[in-house]
2 protein chains.
Amino acid sequence: MSLDREQVLRSAAALLTRKSTATMDEVARAAGIGRATLHRHFAGRDALVRALENLGIQEVEAALDAAALDEGSAQDALRRLVAAVEPSAGLLSFLVTENQLFEGEEVNEGWNRLDARVSAFFRRGQERGEFRIDLTPAWLTEALYGLISSAAWAVQDGRVASQDFKYMIVELLLGGARRSVEQ
Amino acid sequence: MSLDREQVLRSAAALLTRKSTATMDEVARAAGIGRATLHRHFAGRDALVRALENLGIQEVEAALDAAALDEGSAQDALRRLVAAVEPSAGLLSFLVTENQLFEGEEVNEGWNRLDARVSAFFRRGQERGEFRIDLTPAWLTEALYGLISSAAWAVQDGRVASQDFKYMIVELLLGGARRSVEQ
DNA sequence: TTTCGTTGAGACATTGTTGTCTCATATGGT
DNA sequence: ACCATATGAGACAACAATGTCTCAACGAAA
């Protein structure tokens with residue numbers, strides 16, 4: 001009987017990932033429930049988005065945990081991270097765009113936690129001599145988000161094969177486009 | 001007397017870059033004109049966005065021309081391109097996001113022209129042996145857009161210094177984050 | 001000064017979305 | 001079988017944004 005809140009959030013995420021302006025009615029129908037029921041479980045659109053925000057943050061944090069960023073080389077850790085975060089890429093992309101709308105309002109502190117962890121990872125990579133030090137950890141973090149979003153859309157629109165998602169992101173982020181003499 | 005259409009578009013671009021959901025009223029006030037006047041010159045919000053789309057496409061095409069992508073090394077050409085497109089980065093970011101809302105609808109063919117030119121540039125770079133061939137031109141094009149958007153937002157939010165805009169994008173796109181043995 | 005065209009301000013109807021409510025129905029537990 | 005609870009469908013008001021219209025004021029050119 002009781003509604004599967006998780007499943008509703010999943011389908012909402014899937015829909016809003018494709019069409020970020022979907023109405024509550026569309027979200028409800030996509031979840032196979034009535035609009036009234038959707039409103040009973042999420043006080044309003046804001047509450048729904050906040051719930052999705054928490055879901056997304058939770059997923060990315062789980063990905064960060066699963067990637068075990070401290071083990072082995074930073075490069076391998078980055079590969080594990082991108083692979084682990086791939087299922088959440090669309091949702092992450094939606095949330096990043098959504099967050100750009102909040103002008104000065106208070107943002108979910110979860111984003112700060114994520115930024116701090118990713119940023120710290122890049123900094124450690126720099127300290128270990130694996131990453132360049134002329135690109136700031138903050139920028140590398142932004143770039144990672146940007147590439148994940150771009151790749152998610154490119155895959156969705158069929159411009160990039162979904163199986164290449166991880167490879168394209170990691171290779172570009174690590175090695176760049178330049179054909180260079182490497183180890 | 002006659003309204004400066006160009007100046008209105010500029011201020012609309014500046015505002016919508018920061019707040020993509022700004023209303024017609026906000027756009028009008030930002031331009032220092034009345035809402036009625038705004039409506040007299042742009043039939044509606046769609047028309048305004050289309051006009052901004054044309055402006056953005058025109059600016060990026062001008063940047064592509066100015067960058068003279070066929071002259072010298074592909075790497076230097078990319079540096080020129082990013083430098084030339086920097087003033088349009090915010091507008092470009094807004095338009096890219098806006099375009100993601102159009103589900104299957106017909107997109108402005110100008111985007112196809114831009115994509116084709118940028119994509120062809122990366123392909124030539126590959127053929128000249130300057131760029132890796134395991135990253136498709138389509139992906140490199142997407143990645144360039146994504147990094148430009150990310151950088152534009154990062155600068156706007158003060159996470160990246162505006163003077164580092166070009167350097168951050170070009171260095172990451174060309175060389176990646178890995179500290180490698182290079183020429 | 002007169003005239004013509006443009007503007008700003010505001011009123012107005014329209015539209016789409018949201019949020020609330022009611023009521024009949026269905027489901028699950030007892 | 002009974003009851004409590006949750007649901008779906010629909011009605012409803014509230015609200016925000018859009019698009020249209022009118023009218024008075026303004027400025028430039030004759």
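Keep in mind that the numbers below use all heavy atoms, side chains included, and drop hydrogens, waters and symmetry copies. All chains are named by letter (A, B, ...) in the order of the sequence lines, taking the proteins before the strands, and each is independently numbered beginning at 1.
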Can you give each donor-acceptor pair under 3.5 Å made by side-chain atoms of residues 11-18 of chain B, sequence neighbours left out, with the distance rounded to 0.1 Å?
residue	atom	partner	partner atom	Å
Ser11(B)	OG	Val8(B)	O	3.1
Thr17(B)	OG1	Ala13(B)	O	2.6
Arg18(B)	NE	Ala14(B)	O	3.3

Using atom CG of Asp4(B) as one end and atom P of dT7(C) as the other, report the distance to the nearest whole Å.
11 Å
Would you please name every residue forming a salt bridge (Lys or Arg N to Asp or Glu O under 4.0 Å) with Arg40(A), sequence neighbours left out?
none
Set of ring-ring contact (aromatic ring centres under 6.0 Å, His included) partners for Phe94(B), sequence neighbours left out:
none
Rounding to a whole Å, what distance do you find between Phe42(A):CZ and dT18(C):P?
15 Å
Listed by chain and number, what are the side-chain contact (heavy atoms from CB on, under 4.5 Å) partners of Ala84(A), not counting sequence neighbours?
Ala63(A)
Mind checking what makes side-chain contact (heavy atoms from CB on, under 4.5 Å) contact with Glu6(B), not counting sequence neighbours?
Asp4(B), Arg10(B), Leu55(B)
From CZ of Arg5(B) over to P of dT6(C), roughly how many Å is that when rounded to an integer?
15 Å
For a quick check, with a 4.0 angstrom heavy-atom cut-off, what is the B/S/- contact string for nucleotides 10-22 of chain D, read 5' to 3'?
-B-----SBBBBB
Can you find a side chain N or O atom of His41(B) that sits less than 4.0 Å from OP1 or OP2 on dT7(C)?
yes
Anything under 30° is parallel, anything over 60° is perpendicular, the rest tilted; go ahead and classify Phe131(A) against Phe121(A).
perpendicular
Tell me whether the side-chain N/O atoms of Thr37(B) come closer than 4.0 Å to OP1 or OP2 in dT7(C).
no
